[in-house]
Protein chains: 2
Amino acid sequence: MQRRTQQREAIKKALGEAGRPLSPHEILEEARAHSPGMGIATVYRAVKQLVDADWLAPVEIPGEPPRYEVVRQDHHHHFYCRECGRVFAVQHCPGDFRRMTPRGFRLESHEVLLRGVCAECRKSTP
Amino acid sequence: MQRRTQQREAIKKALGEAGRPLSPHEILEEARAHSPGMGIATVYRAVKQLVDADWLAPVEIPGEPPRYEVVRQDHHHHFYCRECGRVFAVQHCPGDFRRMTPRGFRLESHEVLLRGVCAECRKSTP
DNA sequence: CGCTAAATGATAGCCTGCTATCAAACCCGT
DNA sequence: ACGGGTTTGATAGCAGGCTATCATTTAGCG
């Protein structure tokens with residue numbers, strides 16, 4: 001059976017507090033604040049379990065390792081900052097993707113990725 | 001200076017005739033029809049040159065090797081068939097991404113990826 | 001407590017996509 | 001047709017992200 005370990009708690013805490021999707025390495029860094037000495041293997045193991053348990057959802061970005069965010073009900077998309085590499089959730093999906101789908105194709109889902117510079121990076125590098 | 005070789009011509013022909021973005025391995029397969037015995041290294045070399053020359057544009061898909069399509073003027077997006085893995089260009093971008101951008105962020109570009117099953121795969125696997 | 005199965009950390013290994021290397025083949029101006 | 005620099009094909013090597021392995025530590029039931 002599943003045990004409640006210091007490490008897994010630290011990982012869940014890190015993801016919950018971040019408020020944005022984190023990569024495995026970001027998770028490791030944040031979680032080490034609560035549980036020093038944690039190894040990367042533990043992060044990968046915990047992430048796999050949490051995804052299987054529907055507590056985490058992967059956020060895929062081309063050419064980047066996946067980020068993971070705590071699952072939420074609302075439909076939303078993401079913003080990728082090319083300066084710091086951080087990913088943020090954004091609201092307001094402009095639906096209307098049926099019309100884009102070619103005749104005869106079955107549309108099952110869609111992804112929107114915004115790219116640019118986040119507010120924090122705009123300040124530091126104007 | 002740049003020579004006009006059978007292989008590079010075959011690669012350009014394959015990409016031009018495909019009418020959709022191709023991965024390096026797809027390019028290799030198609031180009032071998034025109035130039036048997038071609039090696040994968042030649043494909044990677046040609047693709048790099050053609051991208052630099054603005055004749056090809058990469059199409060990035062999370063967790064997949066990039067596809068490459070002949071550059072075109074119109075703004076468009078892509079459809080990924082989960083059955084055959086082929087990528088297709090689609091029209092009708094639902095603009096309106098300013099409204100999605102968080103306050104203070106600078107939006108520079110956006111990507112829309114539709115996922116589902118293409119017409120051909122719908123027929124063969126209903 | 002004491003025990004046992006679960007979890008951890010370190011690290012070697014795997015996988016995939018891509019690049020470097022180099023001898024052989026080829027393009028093309030002369 | 002010649003010759004020299006370009007291109008090619010084969011393959012070894014690299015990089016990054018992830019998984020497997022295994023001795024050690026630990027949670028938590030009894």
Side-chain angles (χ1 to χ4, degrees), chain A residues 1-15 21-53 55-69 78 80 82 84-87, chain B residues 1-15 21-53 55-69 78 80 82 84-87:
Chain A
M1 91 308 215
Q2 173 114 324
R3 288 178 185 173
R4 158 176 282 251
T5 65
Q6 184 194 76
Q7 289 86 341
R8 223 188 326 265
E9 292 306 301
I11 287 169
K12 292 176 73 173
K13 193 169 198 175
L15 282 156
L22 300 181
S23 70
H25 276 88
E26 285 175 326
I27 295 172
L28 181 61
E29 277 182 43
E30 296 301 316
R32 272 182 172 161
H34 302 296
S35 178
M38 185 184 298
I40 187 68
T42 298
V43 173
Y44 282 112
R45 279 186 291 240
V47 163
K48 175 179 280 196
Q49 294 172 343
L50 293 171
V51 168
D52 287 347
W55 194 87
L56 272 188
V59 177
E60 309 270 14
I61 312 251
E64 289 281 321
R67 272 64 170 172
Y68 296 90
E69 69 182 352
H78 298 92
Y80 175 79
R82 65 170 168 76
C84 60
R86 290 186 298 176
V87 175
Chain B
M1 89 311 219
Q2 174 114 325
R3 288 178 184 173
R4 155 176 285 249
T5 66
Q6 186 194 76
Q7 289 86 340
R8 219 182 336 258
E9 291 305 302
I11 287 169
K12 293 176 72 171
K13 194 169 197 174
L15 283 156
L22 300 181
S23 69
H25 275 89
E26 287 175 324
I27 295 172
L28 181 61
E29 277 182 41
E30 296 302 315
R32 273 181 170 161
H34 302 297
S35 178
M38 185 184 298
I40 187 68
T42 298
V43 173
Y44 283 112
R45 280 185 290 239
V47 163
K48 174 179 279 195
Q49 293 173 343
L50 293 171
V51 169
D52 286 347
W55 194 86
L56 272 188
V59 176
E60 309 269 14
I61 313 252
E64 289 282 320
R67 271 65 170 172
Y68 296 90
E69 68 183 352
H78 298 92
Y80 175 79
R82 63 169 169 78
C84 61
R86 290 186 298 176
V87 175

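Here is how names work: the chains are called A, B, and so on, in the same order as the sequence lines, proteins then strands, and each is numbered from 1. In what follows, every heavy atom counts, from backbone to side chain, and hydrogens, waters and symmetry copies are set aside.
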Would you tabulate the nitrogen or oxygen pairs shorter than 3.5 Å linking the protein to nucleotides 16-18 of chain D?
residue, atom, partner, partner atom, Å
dC18(D), OP2, Y44(A), OH, 2.8

Given dT19(D), is OP1 or OP2 found less than 4.0 Å from the side-chain N or O atoms of K48(A)?
yes
Hey, is the side chain of R8(B) poking within less than 4.0 Å of OP1 or OP2 on dT7(D), counting only N and O atoms?
yes
Heavy-atom donor-acceptor pair, R67(A) side chain to V59(A) backbone, under 3.5 Å
no
Test salt bridge (Lys or Arg N to Asp or Glu O under 4.0 Å) applied to E26(B) - qualifying residues, sequence neighbours left out
R20(B)
Let's go through R86(A) and Y80(A) carefully: what are the C-alpha distance in whole Å and the side-chain angles of both, what is the deciding distance for side chain to side chain contact (heavy atoms under 4.5 Å, CB included) to 0.1 Å, and is it a yes or a no?
CA-CA 6 Å; R86(A) 290 186 298 176; Y80(A) 175 79; over 6 Å; no
Hey, could you give me the CD/OG1 distance between Q6(B) and T42(B), rounded to the nearest 0.5 Å?
11.0 Å
From CG (L50(A)) to CZ (R45(A)), nearest 0.5 Å
13.0 Å
Review item, nucleotides 1-3 of chain C N/O atoms under 3.5 Å of protein N/O:
none

Check the pair E69(A), L56(A) against side chain to side chain contact (heavy atoms under 4.5 Å, CB included), reporting the backbone distance first and the verdict last.
CA-CA 5 Å; E69(A) 69 182 352; L56(A) 272 188; 5.6 Å; no
R32(B) versus G39(B), closest heavy-atom pair with distance:
NH2-CA, 4.5 Å
Might you point out which heavy atoms bring A31(B) and A14(B) nearest each other, and give the distance in Å?
N-CB, 3.9 Å
Using a 4.0 Å cut-off on protein heavy atoms (strictly under), produce a 5'-to-3' string for nucleotides 24-30 of chain C with B for base contact, S for backbone-only sugar-phosphate contact, and - for none.
--BBS--
Can you find a pair of side-chain heavy atoms, one from [X] and one from [Y], that are under 4.5 Å apart?
X: W55(A); Y: Q49(A); answer: no
X: E9(B); Y: R4(B); answer: yes
X: M38(B); Y: V43(B); answer: yes
X: P58(A); Y: Y68(A); answer: yes
X: T5(A); Y: R8(A); answer: yes

Rounded to whole angstrom units, what separation is found between the CD1 atom of I40(B) and the C1' atom of dT11(D)?
13 Å
Rounded interatomic separation in angstrom, taking CD1 from I61(B) and P from dG17(C):
14 Å
Pair Q7(A)-S35(A), side-chain donor/acceptor within less than 3.5 Å
no
Divergence of helical axes at both termini of the helix from dC1(C)-dG30(D) to dT30(C)-dA1(D) - five pairs an end, 10° steps
30°
side-chain contact (heavy atoms from CB on, under 4.5 Å) test vs L22(B) passes for just one of L15(B), V87(B), I11(B), namely L15(B)
Members of residues 26-39 of chain B that approach DNA chain D, where some heavy atom sits under 4.0 Å away:
G37(B), M38(B), G39(B)
